[in-house]
Visitor: 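Pasting in a structure now, in structure tokens, and then I'll have a few things to ask.
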Amino acid sequence: MALSVTEKIISTHLVSGRLIAGSEISIRIDQTLTQDATGTLVYLQFAALGLDRVKTELSVSYVDHNTSQADNKNMDDHRFLQSTARKFGVWFSRPGNGICHQAHLERFGIPGKTLLGSDSHTPTGGGLSMLAIGAGGLDVAAAMAGSPFHLLMPEVVGVRLSGRLKPMCAAKDVILTLLKMETVKGGVGKVYEYFGPGVKTLSVPERATITNMGAELGATSSVFPSDETTRKWLDLQRRGHEWAGLSADEGARYARVIDLNLDEIVPMAAQPHSPDNVVPVSEIAGRKVDQVVIGSCTNSSLNDLGIAADILTGRQIHERVSLGISPGSRQAYVSAVKAGIAQKLLTAGARFLESACGPCIGMGFAPCTEGVSVRTFNRNFKGRSGTADAGVYLVSPETAAAAALYGEFTDPTRIRGIRKADYTRYLEVDDGMLIPPEPAPPADAEIVYGPNIKPVPLGSALPDAIEAAVLIKTGDNVTTDHIMPAGAKILPLRSNIPEISKHVFEALDPEFHKKALAAGAGVIVGGENYGQGSSREHAALAPMFLGVKAVLAKSFARIHRANLVNFGIVPLEFDNPADYDKIEPGDALIIRDLRTHLADGKPITVENRTKNYSFGARCGESGRSVDIMLKGGLLAALKENHG
Ligand code: MIC
Ligand code: SF4
């Protein structure tokens with residue numbers, strides 16, 4: 001049978017199930033990555049499993065999300081992560097080494113391998129032909145313990161690329177074009193697989209920009225083939241020996257094929273407040289800009305910094321604009337210094353930030369009141385930048401540099417005579433900020449806990465009847481940033497669930513946390529694609545801590561749904577979406593015979609006691625997930641297996 005790249009990687013890693021789209025499968029995980037903001041919980045949970053050492057081929061613990069060190073909490077987290085890395089045989093990427101996805105691509109990614117990461121942009125590795133999937137931290141802890149990863153066999157959508165990008169048009173414009181076509185929920189349950197003659201015209205970092213932002217489609221992953229371009233790039237990384245060719249068989253079948261001619265791609269921008277609110281930059285030309293940032297795991301490679309420098313060489317940025325640059329990795333940073341890129345940008349007026357997530361997760365560089373911020377990032381959810389009323393636009397480095405120069409949106413194709421140059425001859429490979437695992441578990445390894453690192457609360461076995469109040473009713477596409485915000489104030493609380501839970505749904509209802517505690521047991525009502533965005537399991541764990549027992553929604557985003565199950569919160573979908581309209585905050589609900597109905601796969605009836613009617617809902621989870629919920633969460637279930 002002719003197979004796609006996705007099917008090839010899945011079939012060589014398949015532990016259970018069959019390659020039938022929508023059916024449950026489990027796959028062996030070769031590599032894992034974590035970052036600090038999700039990682040502290042991952043290693044607390046891994047420690048709770050009682051294993052000495054990870055069982056993967058390679059696991060890396062990155063520190064990139066919170067590096068502010070505003071007080072003791074942050075560095076305490078870093079120390080904890082360094083100590084758990086040493087204890088459990090995990091590579092440690094020190095703060096300053098770069099953003100997990102960029103650094104992992106450069107130093108560890110291997111074509112054909114599987115990668116599970118506790119961050120939704122893990123599919124960046126698809127640029128290197130990995131099957132790279134984002135997941136909740138507990139799923140990553142389980143993979144480190146050697147358990148296979150469970151998922152629904154994705155539908156494989158082919159994206160046939162032809163032609164070649166015109167000057168000033170970028171890989172970012174390709175994925176923004178796709179987001180406009182497919183929307184933020186178009187990719188749920190799918191892998192986007194790129195093929196066709198246009199593939200060879202894109203470098204590995206350009207491919208990675210596309211697979212990175214495939215996360216915004218809601219996709220399980222995105223993947224490119226591994227070809228000569230991949231080999232040469234791995235050679236530059238001094239890892240040519242790790243290359244393996246990988247492409248779809250002749251006649252491989254895709255559920256659907258999208259044709260994209262790179263010649264026709266034009267500069268695009270995602271307008272506030274959703275990555276799929278995309279228009280051509282020419283349509284918003286002239287709109288004033290206050291701030292520009294080039295960075296994040298989407299667009300911060302050496303050549304991304306290079307094109308911005310080439311546009312700004314010998315010129316000054318507009319006096320209204322503040323321009324921030326956060327190189328994606330220490331490698332990109334050092335190489336940009338060596339190539340003269342950093343000097344050009346500094347001379348033009350840029351402010352260099354640390355090589356970390358920084359402004360992307362609201363850690364500094366927040367825009368001014370009602371500010372317009374133009375960023376090469378992947379998410380522009382309301383308030384994520386740290387300024388509630390700012391408008392964030394997502395663009396390519398070319399469009400960002402043009403906006404910095406003119407102080408307003410400007411179609412970069414109007415700037416003539418500049419072509420994206422290849423600076424990779426300046427690439428510096430230096431792993432000095434990576435601490436490798438020791439060959440055997442060190443006898444003297446101790447985990448260093450700071451005072452802000454609190455034990456992970458455990459769920460309790462699911463009761464047979466839930467009596468609970470509707471705590472909140474949200475609209476469609478609610479993000480995990482809405483459920484559990486991040487930013488400079490809240491991110492330092494990621495290791496402390498009792499504290500962080502006080503901020504659940506803060507922007508939508510500042511009283512949520514008090515209401516939830518007063519109700520004792522609660523239900524959240526959501527619209528379509530509930531829980532899109534970040535993989536943060538805090539968006540399930542903190543509600544669980546506040547007594548949330550179930551989420552009733554029209555549909556769910558993949559990672560968040562899995563996180564709910566992992567923490568014993570039952571995800572339920574309305575049988576009839578019209579019932580969503582009837583239900584209101586404050587309604588008292590009863591769900592009876594829940595354990596038996598979930599176990600038998602029977603339909604669930606929800607009684608609305610306040611309004612005196614009943615309606616149907618379905619859970620749609622399989623045997624394994626039901627078992628996890630019945631036991632009160634995955635940690636309880638895993639403890640049975642491992643310890
Ligand atoms: C994000 O981009 O939203 C984050 C911050 O990287 C998250 C992870 C987190 O919340 O820690 C993600 O993408 O999963
Ligand atoms: Fe970091 Fe932003 Fe990438 Fe998330 S999307 S990993 S916060 S750079």
Side-chain angles (χ1 to χ4, degrees), residues 33-42 61-68 77 81 93 95 98-105 116-125 132-137 139-140 175 184 208-209 211-216 218-219 270 275 293-301 304 324 326-329 332 353-365 375-381 383-386 392 394 479-488 490-495 500 503 531-542 557-560 562-563:
L33 71 77
T34 57
Q35 41 88 342
D36 50 311
T38 54
T40 48
L41 285 194
V42 175
S61 173
Y62 292 89
V63 177
D64 53 3
H65 278 61
N66 187 0
T67 53
S68 69
D77 278 351
L81 290 168
S93 172
I99 305 175
C100 54
H101 308 302
Q102 178 82 22
H104 200 88
L105 191 77
L116 195 71
S118 61
D119 191 283
S120 64
H121 290 105
T122 304
T124 314
I133 302 179
D139 280 326
V140 176
I175 186 65
V184 290
T209 293
T211 58
N212 170 285
M213 216 176 160
E216 275 53 64
V293 201
I294 299 174
S296 91
C297 56
T298 320
N299 268 133
S300 53
S301 65
D304 286 339
S326 46
S329 64
L353 311 174
E354 210 178 337
S355 175
C357 299
C360 181
I361 190 60
M363 296 302 297
F365 227 74
R375 301 175 163 207
T376 64
F377 303 176
N378 49 32
R379 288 190 172 140
N380 57 350
F381 306 143
R384 181 175 158 108
S385 66
V392 174
L394 308 172
T479 72
T480 44
D481 277 79
H482 291 106
I483 306 170
M484 186 72 264
I490 305 176
L491 215 51
L493 306 175
R494 284 285 182 98
S495 315
I500 205 169
H503 301 276
Q532 68 155 331
S534 156
S535 67
R536 61 191 71 153
E537 58 192 345
H538 303 73
L541 182 50
R558 175 187 64 88
I559 304 178
H560 186 60
N563 283 338

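In listed order, ligands and their atoms are each counted from 1.
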Visitor: Among all the protein's non-hydrogen atoms, which is closest to atom 13 (O) of ligand 1, and how far away is it?
Guide: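 Of the protein heavy atoms, Ser120 OG, 2.5 Å lies nearest.
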Visitor: Do the non-hydrogen side-chain atoms of Met484 and Ile500 ever get within less than 4.5 Å of each other?
Guide: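 SC-SC contact between Met484 and Ile500 confirmed.
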Visitor: As an exercise, identify every atom of ligand 1 less than 4.0 angstrom from a heavy atom of Ser535.
Guide: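 Once the distances to Ser535 are compared, the set is 12 (C), 14 (O).
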Visitor: Show the numbers, then the answer: is there a side chain to side chain donor-acceptor pair (under 3.5 Å) between Thr298 and Asn378?
Guide: CA-CA 6 Å; Thr298 320; Asn378 49 32; 3.0 Å; yes
Visitor: Is any side-chain heavy atom of Leu394 closer than 4.5 Å to one of Glu216?
Guide: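 No - every pair of side-chain heavy atoms lies 4.5 Å or more apart.
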Visitor: Relative to the heavy atoms of Asp119, which atoms of ligand 1 are at a distance of less than 4.0 Å?
Guide: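 Near Asp119, meaning under 4.0 Å from one of its heavy atoms, ligand 1 has 4 (C), 6 (O), 7 (C), 8 (C), 12 (C), 13 (O), 14 (O).
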Visitor: For ligand 1, which atoms have a heavy atom of Ile361 less than 4.0 angstrom away?
Guide: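 This gives 5 (C) as the contact atoms.
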Visitor: For atom 8 (C) of ligand 1, what is the nearest protein heavy atom, given as residue, atom name and distance?
Guide: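 The answer is Gln35 NE2, 3.2 Å.
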Visitor: Salt bridge (charged side-chain N to carboxylate O under 4.0 Å, His left out) with Arg384: which residues, sequence neighbours excluded?
Guide: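 Scan of Arg384 (salt bridge (charged side-chain N to carboxylate O under 4.0 Å, His left out), adjacent residues dropped) gives Asp481.
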Visitor: Do the non-hydrogen side-chain atoms of Ile133 and Thr122 ever get within less than 4.5 Å of each other?
Guide: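 With C-beta onward as the side chain, the pair stays apart.
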Visitor: Give the residue and atom name of whichever protein heavy atom lies nearest to atom 7 (C) of ligand 1, and the separation in Å to one decimal.
Guide: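 Ranking protein heavy atoms by distance from atom 7 (C) of ligand 1, first comes Ser534 OG, 3.1 Å.
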Visitor: Knowing that exactly one of His104, Gln102, His101, Met213 qualifies, which makes a side-chain contact (heavy atoms from CB on, under 4.5 Å) with Thr124?
Guide: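 Filter result, single survivor: His101.
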Visitor: Looking only at N/O atoms, are Asp481 and ligand 1 under 3.5 Å apart anywhere?
Guide: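 No, there is no polar N/O contact under 3.5 Å.
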Visitor: Enumerate the atoms of ligand 2 whose separation from the nearest heavy atom of His101 is less than 4.0 angstrom.
Guide: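 In order of number, 6 (S).
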Visitor: Heavy-atom distance under 4.5 Å between the side chains of Arg375 and Ser296, does that happen here?
Guide: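 Answer no - side chains too far apart.
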Visitor: Looking only at N/O atoms, are Thr38 and ligand 1 under 3.5 Å apart anywhere?
Guide: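 So ligand 1 has no N or O lying under 3.5 Å from an N or O of Thr38.
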Visitor: Students should be able to answer this: which protein heavy-atom is nearest to atom 11 (O) of ligand 1, and at what distance?
Guide: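 Scanning the protein heavy atoms, the shortest distance from atom 11 (O) of ligand 1 goes to Arg494 NH1, 2.8 Å.
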Visitor: Are the side chains of His121 and Arg379 in touch, meaning some heavy atoms are under 4.5 Å apart?
Guide: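 They are in contact (side-chain heavy atoms under 4.5 Å apart), so the answer is yes.
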Visitor: With sequence neighbours left out, what residues match Ser355 under side chain to side chain donor-acceptor pair (under 3.5 Å)?
Guide: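 With neighbours one apart ignored, the set is empty.
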Visitor: May I ask you to list the protein N, O or S atoms found at less than 2.8 Å from atom 2 (Fe) of ligand 2?
Guide: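 As for protein N, O or S atoms lying under 2.8 Å from atom 2 (Fe) of ligand 2, they are Cys360 SG.
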Visitor: Closest non-hydrogen protein atom to atom 1 (C) of ligand 1, residue and atom name please, with distance?
Guide: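 Looking only at protein heavy atoms, the one closest to atom 1 (C) of ligand 1 is Arg379 NH1, 3.1 Å.
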Visitor: Which residues satisfy the side chain to side chain donor-acceptor pair (under 3.5 Å) test with His65, sequence neighbours excluded?
Guide: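 For His65 the side chain to side chain donor-acceptor pair (under 3.5 Å) partners, ignoring immediate neighbours, are Gln35, Asp119.
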Visitor: Identify the closest protein heavy atom to atom 2 (O) of ligand 1: which residue and atom is it, and at what distance?
Guide: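 Closest protein heavy atom to atom 2 (O) of ligand 1: Arg384 NH2, 2.9 Å.
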Visitor: Under a 4.5 Å cut-off applied to non-hydrogen side-chain atoms, are Pro275 and Phe381 in contact?
Guide: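 Side chain of Pro275 against side chain of Phe381, heavy atoms only: contact under 4.5 Å found.
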Visitor: Only heavy atoms of Ala37, strictly under 4.0 Å: list the atoms of ligand 1 that pass.
Guide: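 Per the distance check, 11 (O).
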Visitor: For residues Asn66 and Asp36, is any side-chain donor paired with an opposing acceptor at under 3.5 Å?
Guide: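 There is no such pair between these side chains.
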Visitor: Assess the residue pair Ser301 and Asp304 against the criterion (side chain to side chain donor-acceptor pair (under 3.5 Å)); give the C-alpha distance rounded to whole Å, side-chain angles, the decisive distance to 0.1 Å, and a yes or no.
Guide: CA-CA 5 Å; Ser301 65; Asp304 286 339; 3.3 Å; yes
Visitor: Mark up the atoms of ligand 1 that fall under 4.0 Å of a heavy atom belonging to His65, in ascending order.
Guide: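 That gives atoms 4 (C), 5 (C), 6 (O) of ligand 1.
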Visitor: Just by modelled atom types, is the Ile99 backbone N or O under 3.5 Å from a matching donor or acceptor in the Asp64 side chain?
Guide: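 Side chain of Asp64 to backbone of Ile99: no pair is present.
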Visitor: Please confirm whether Arg536 comes within less than 3.5 Å of ligand 1 when only nitrogen or oxygen atoms on both sides are compared.
Guide: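 Min N/O separation from ligand 1 is below 3.5 Å for Arg536.
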Visitor: Heavy-atom distances under 4.0 Å are what count here, so tell me which part of Arg384 touches ligand 2: side chain, backbone, both or neither.
Guide: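 Within the 4.0 Å criterion, Arg384 contacts ligand 2 through side-chain atoms alone.
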